[in-house]
Amino acid sequence: MNDFQRKIIQWYNLNKRDLPWRQTLDPYRIWVSEIILQQTRVDQGLAYYERFIARFHDVRQLAEADEQEVLSVWKGLGYYSRARNMHHTARRIVQEYAGVFPETCHQLLRLKGIGKYTAAAIASICSHEPVPVVDGNVVRVFSRIFGIEAMAGTTASFNKVWERSSALIDRDDPGTYNQAVMEFGALCCKPANPGCGQCIFRNDCFAFGNQMVDRLPVKKKEISRRERWFTYLYVRVGGGKVLMQQRPQGDIWQNLWELPLIEADHLLGPAEVSAHPVVNQGGELEEIIAVNPKDYRHILTHQIIHARFYEISGYQTGEAFEAGDYRVMEDPLVTGLPVSRLTDRYLHWRAGNMQGL
DNA sequence: AACTCGGGGTC
DNA sequence: GACCCAGAGTT
């Protein structure tokens with residue numbers, strides 16, 4: 001056993017957090033946890049993991065559910081393709097693998113939603129395959145300790161970190177080794193204000209020795225964000241129902257539901273909304289009865305969404321909309337329909353402020 | 001290799 | 001406001 005793995009595993013045994021997916025070696029549960037934790041902090045994913053496992057106990061239950069149910073459990077977590085891919089892969093595992101997860105990293109890699117990181121994580125934890133994981137934590141820890149200066153996120157960086165970790169991995173317990181490096185990155189070797197003072201590698205760390213801790217790993221330039229303007233219409237149809245539509249393919253929030261949307265290069269004023277076809281489609285001009293007082297500013301990785309919500313009074317001929325893209329449905333708050341965080345925020349605000357209307 | 005896909009915690 | 005999180009799929 002080399003010095004690095006001995007020290008990091010000892011540190012891990014003393015400092016690791018008590019997390020539910022560390023109580024099992026069930027590939028299904030490890031898989032669920034790894035997908036949830038993609039680009040997601042442990043604190044944020046924890047409740048979702050508990051809910052997901054409670055609702056879908058095993059891969060067969062997940063395979064038997066419809067996608068809408070899976071998306072509903074995922075609602076608010078973001079990167080919804082993870083949920084769609086999991087559902088797809090669950091069905092494939094049941095049909096092609098008789099419900100038994102593949103064991104090797106190579107086989108796992110062929111499943112939708114499972115990339116290099118997740119394949120290595122599942123294989124090393126569940127099957128003791130000695131393959132290193134390379135995630136944001138591992139890149140940071142290795143870049144600092146060993147002075148890897150390749151820009152984070154590039155294949156050069158990935159390959160150098162992978163080679164280093166591959167040479168140091170504990171071949172008897174690769175799963176614990178991998179989790180130890182990640183946990184160390186999450187708790188000690190943090191992006192900002194790392195705990196170098198009490199770090200077990202402070203005498204060996206390249207970055208610490210060269211005062212480069214704040215410059216490693218080398219970060220890539222900030223991405224630009226596209227601005228978009230969404231004017232949403234809460235159209236009350238009658239009987240407590242409202243018009244809804246499903247998000248299109250190839251855009252954000254694919255397959256989630258939302259209110260009728262007018263996207264333009266600005267947020268629409270009341271006059272523009274009144275003149276809009278959606279508002280007049282019932283045959284006569286309907287009345288705008290409310291607008292949320294403050295426009296929303298919803299920030300995604302590559303987009304800034306400006307949003308405004310109008311509430312429009314009762315059509316009695318909602319059936320007219322069934323022919324188009326719109327559907328007459330119960331308020332999504334009641335039905336648990338999968339909606340974006342933006343829509344969810346508005347609906348909750350409305351429920352708390354519009355009781356009299 | 002570059003882009004896109006969410007949402008939120010942290011500094 | 002910038003950064004970045006137990007990344008993956010598409011182009």
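Hydrogens, waters and symmetry mates are skipped; everything else that's a heavy atom, side chains included, is used. To find a chain, count down the sequence lines: A is the first, B the second, and so on, and within it residues start at 1. Fair warning: this is a prediction, and the values are worked out from it, not measured in the lab.
Donor-acceptor pairing under 3.5 Å is recorded for the side chains of A:Y234 and A:D331.
The aromatic rings of A:F230 and A:Y232 stand perpendicular to each other, their planes meeting at an angle above 60°, with 30° marking the opposite boundary. Using cut-offs of 30° and 60° on the angle between ring planes, the pair A:F309 and A:Y296 is perpendicular. Under the 30°/60° scheme for interplanar angles, the aromatic rings of A:F4 and A:F201 are found to lie parallel.
In this structure, the CE atom of A:M151 is 13 Å from the P atom of C:dC3, given to the nearest Å. A:D214 places its CG atom 13 Å from the P atom of C:dC3, with the value rounded to the nearest Å. Taking atom NZ on A:K220 and atom P on C:dG7, their separation rounds to 13 Å, with Å as the unit.
Counting non-hydrogen atoms under 4.0 angstrom, A:R17 reaches nothing in the nucleic acid. Nucleic acid contact class of A:T154 (heavy atoms, under 4.0 Å, all strands): none. A:W74 comes within contact range of no nucleotide atom at all, as no heavy-atom separation falls under 4.0 Å.
The one candidate from A:K190, A:R17, A:K16 that meets the salt bridge (charged side-chain N to carboxylate O under 4.0 Å, His left out) condition with A:E183 is A:R17.
When the nucleotides C:dA6, C:dG1, B:dT4 are ranked by their closest atom to the side chain of A:H302, B:dT4 comes out on top. Checking C:dA6, C:dG1, B:dC5 against every side-chain atom of A:Q303, the shortest atom distance belongs to B:dC5. In this structure, of C:dG7, C:dC4, C:dC5, it is C:dC4 that holds the atom nearest to the side chain of A:K219.
Between C:dA6 and B:dT4, the two P atoms lie 24 Å apart (nearest whole Å). Using P as the reference atom, B:dG6 and C:dT11 are 16 Å apart when rounded to the nearest Å.
Pairs of residues two or more places apart, or lying in two chains, that qualify as ring pair (Phe, Tyr, Trp, His ring centres under 6.0 Å) and include a residue from residues 95-125 of chain A are A:W31-A:F101.
Counting only heavy atoms from C-beta outward, the side chains of A:R144 and A:C189 approach each other to under 4.5 Å.
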Derivation and outcome, side-chain hydrogen bond (donor to acceptor under 3.5 Å, both in side chains), residues A:T40 and A:R82: CA-CA 12 Å; A:T40 304; A:R82 293 183 292 176; 3.1 Å; yes
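Neither OP1 nor OP2 of B:dC3 sits under 4.0 Å from any side-chain N or O of A:R226.
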Heavy-atom protein contacts under 4.0 Å, nucleotides 6-11 of chain B, coded B base, S sugar-phosphate only, - none: BBBB-S
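If you check residues 103-123 of chain A against DNA chain C, the residues with a heavy atom closer than 4.0 Å are A:L111, A:K112, A:G113, A:I114, A:G115, A:K116, A:Y117, A:T118, listed by number.
Proximity of a side-chain donor or acceptor of A:Q303 to a complementary backbone N or O of A:R228 within less than 3.5 Å is not detected.
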